[in-house]
Amino acid sequence: MLSHLPILQVVVPLLAAPACLLLDRSRLVWIFTVLACGLSLLISMLLLYQVSQHGTLSYDLGGWDAPWGIEYRIDLLSAYVMLVVSGIATLVIVAAGTGLEREIPLEKQTVFYVTYLLCLAGLLGIVATGDIFNVFVFLEISSLATYALIAYGRDRRALWAAYQYLIVGTIGATFILIGIGFLYSLTGTLNMQDLAARIPDSAGSRTASTAFVFIVVGVCLKLALFPLHLWLPNAYAYAPSLVTAFLAATATKVAVYLLIRLHFSVFGEQFASSSLPLHGILLTLGLAGVFVASLVAIFQPDIKRLFAYSSIAQIGYMIIGIGFGTAIGLQATLLHLFNHALMKGALFLALAAVVYRLGSADISAFRGLGRRMPWTMAAIVIGGLSLIGMPLTVGFVSKWYLILAAIEAGMWPVALLVVTGSILAVVYVWRLVEAAYFQPPENELPEGLDGPDRREAPLTLLVPTWLLVLVNIYLGIDTRLTVGTSGAVASALLGGGQ
Amino acid sequence: MLPELYNYWVVILLMMTGFYIVIVQGNLIKKLIGLNLFQTSVFIFYISLGKVSGGSAPIFAEGVSSYSNPLPHVLILTAIVVGIATTALALALVIRIRNAYGTVEEEELQQRDLEC
């Protein structure tokens, strides 16, 4: 049983999805989905434990040996990312029990849970597999599910956003497919381990660098690196709030994982930096992303949109970490990947609570909210502080390592710019704090909502939010898990690539 | 160079045509047709990769010693299925967009969003 964990990680949500359709009573389906997500969380914890004790796990699908059959390969990096993905998925789905009723009509909820589980299966599959074509298949499973999830939004603009994301996402995935084709024609293998062994032989070949460029551009479209981010703000703003919480904390993180995996494990640092000036490009685009997105975020009236732009800025930080090309830079990226999932998960769940009570995430809805929904607002404030990078929150840990990496690389201006970027975050978080604590509440009731609706959010929404907030603080103080794991992963990736 | 590798030139031509349509067209359905062309060009690229000149279909038979590589062909079967799923989902979205907005032209969609 235990030796089958790598495949169970993907198969549990994949099979749970059609099983939901058989249950067909939304309450029952919800309980079932919570169980399925909880089970995958349990599996990913077990996997992380096994991997940290016994090293990399390799699983041959259907008993076919690795280079011929499909191999699932769980190393420390995959186990670490799977823990984030399944953890967030579980918390969001717990919150969905009540949070969903105002956002998705009852008769569509069963299908929603099916799509949600498929999306989770796709994301976990990308992380688990050691076969590069399998990555493409899982990427498309998760992407197709994501387009559908976004289209559940109440606003009709959600449909339009989903369509735009579909076009961009498909182009990105097709780029990756082209890259895989070039790699296959060059090396005759699809297994990542085999690829890593054979690519150095063809260093300097134009086919290899073309493949690399296609794959990097395709993945960067998926992770919304500036200036390929245009699909993201609308998709996040108009999707149902809980979907936004799930996607913001997992989908882009898995894309960052994919970039790290392909860059460092498959192509190797040496190839990547010698075939094109990737470091410079990533540093520049990352920094540009931080500044442009943060500046745009400051002027957004819709808070969901504000945090969507802030997500683009935070992805910029992750890309800067990769751009240094050093172990400590990569460690900063991995830390921020984990930490950003925690803070954005908490923030968007809290926003879901606000939307649940007030039906809107506009800045005007936040006036005086500090008194009416104190717990929700406190969660947003702590999440915001973490976003800024205050000490005692996880945000500080990743920013700290990012600055260390910049100093180690001798790039003082970059360190300075990272700090300046954080100040921009102070500005957009402060707008929210000001509205919530220093402005009187609006007197007239929003349409369709009566007195009792103006209280604190229900516990089922608050508990998952606060769990994430507490993890934010706990891992900001006791950093052994994240710093230890990410440090080990970073040195393994850079050591193995050379 | 051109005659032996003509299928790759077809790939490039189709890919660029499809990509251009996706970028330039304002009609959502036509955009999808462009996207399909773009994807199809990659299918042809893979199929060309797997073809061994003079090779037969990869079925064991007497008197045949050279076979085409079946793996890219199998991969592309999967990619075709993915492409169909994408197109189906996109068309479903377009139907719902038309129901919600009453149009499938990009410019009119933007205008109607600005109005409200």
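The chains referred to below are lettered A, B, ... by the order of the sequence lines, with proteins before strands, and numbering in each begins at 1. Hydrogens, waters and symmetry mates play no part in the numbers below; they use all other heavy atoms, side chains included.
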- request: Measure the OG1-CG distance between A:T170 and B:L32 for me, rounded to the nearest 0.5 Å.
  value: 9.0 Å
Per-residue contact mode, A:L190 against chain B (heavy atom under 4.5 angstrom): side chain
query: Can you check whether B:V94's main-chain N or O pairs, donor with acceptor, with A:Y163's side chain at less than 3.5 Å?
result: no
- prompt: Between atom CG of B:L75 and atom CD1 of A:I180, what is the distance when rounded to the nearest 0.5 Å?
  reply: 8.5 Å
statement: In short, A:L177 meets B:Y46 closest at the heavy-atom pair O-OH, 2.7 Å
field: Heavy-atom neighbours of B:E107 CD exceed 12 at 6.0 Å
entry: no
query: Any idea which heavy atoms bring B:F45 and A:I178 closest together, and the distance?
result: CE2-O, 4.0 Å
- line: Heavy atoms of B:L93 and A:A151 approach each other most closely as CD2-CB, 3.6 Å
Rounded distance (nearest 0.5 Å) linking atom CG of B:L28 with atom CG of A:L166: 11.0 Å
task: Please collect all ring-ring contact (aromatic ring centres under 6.0 Å, His included) contacts where either partner lies in residues 66-115 of chain B, sequence neighbours excluded, each pair once.
output: none
Verdict with supporting geometry, B:L71 and A:Y184, side chain to side chain contact (heavy atoms under 4.5 Å, CB included): CA-CA 10 Å; B:L71 186 69; A:Y184 180 74; 3.3 Å; yes
- line: If one checks every heavy atom of B:I97 against chain A at 4.5 Å, the contacting part turns out to be both
- request: May I ask you to list the residues in residues 78-86 of chain B that approach chain A closer than 4.5 angstrom, counting heavy atoms only, ordered by number?
  value: B:T78, B:A79, B:V82, B:A85, B:T86
message: Can you tell me which portion of A:Y165 sits under 4.5 Å from chain B's heavy atoms? Options are side chain, backbone, both or neither.
response: neither
message: Please identify, among B:L35, B:N99, B:N69, the residue contributing the most non-hydrogen atom pairs under 4.5 Å to chain A.
response: B:L35
query: Within a radius of less than 6.0 Å around OH of B:Y8, do more than 12 heavy atoms belonging to other residues, nucleotides or ligands occur?
result: yes
message: Tell me the closest heavy-atom pair linking B:R112 and A:R156, and the distance in Å.
response: O-NH2, 3.5 Å
query: Could you state the interatomic distance from CG (A:L159) to CG (B:L109), rounded to the nearest 0.5 Å?
result: 10.0 Å
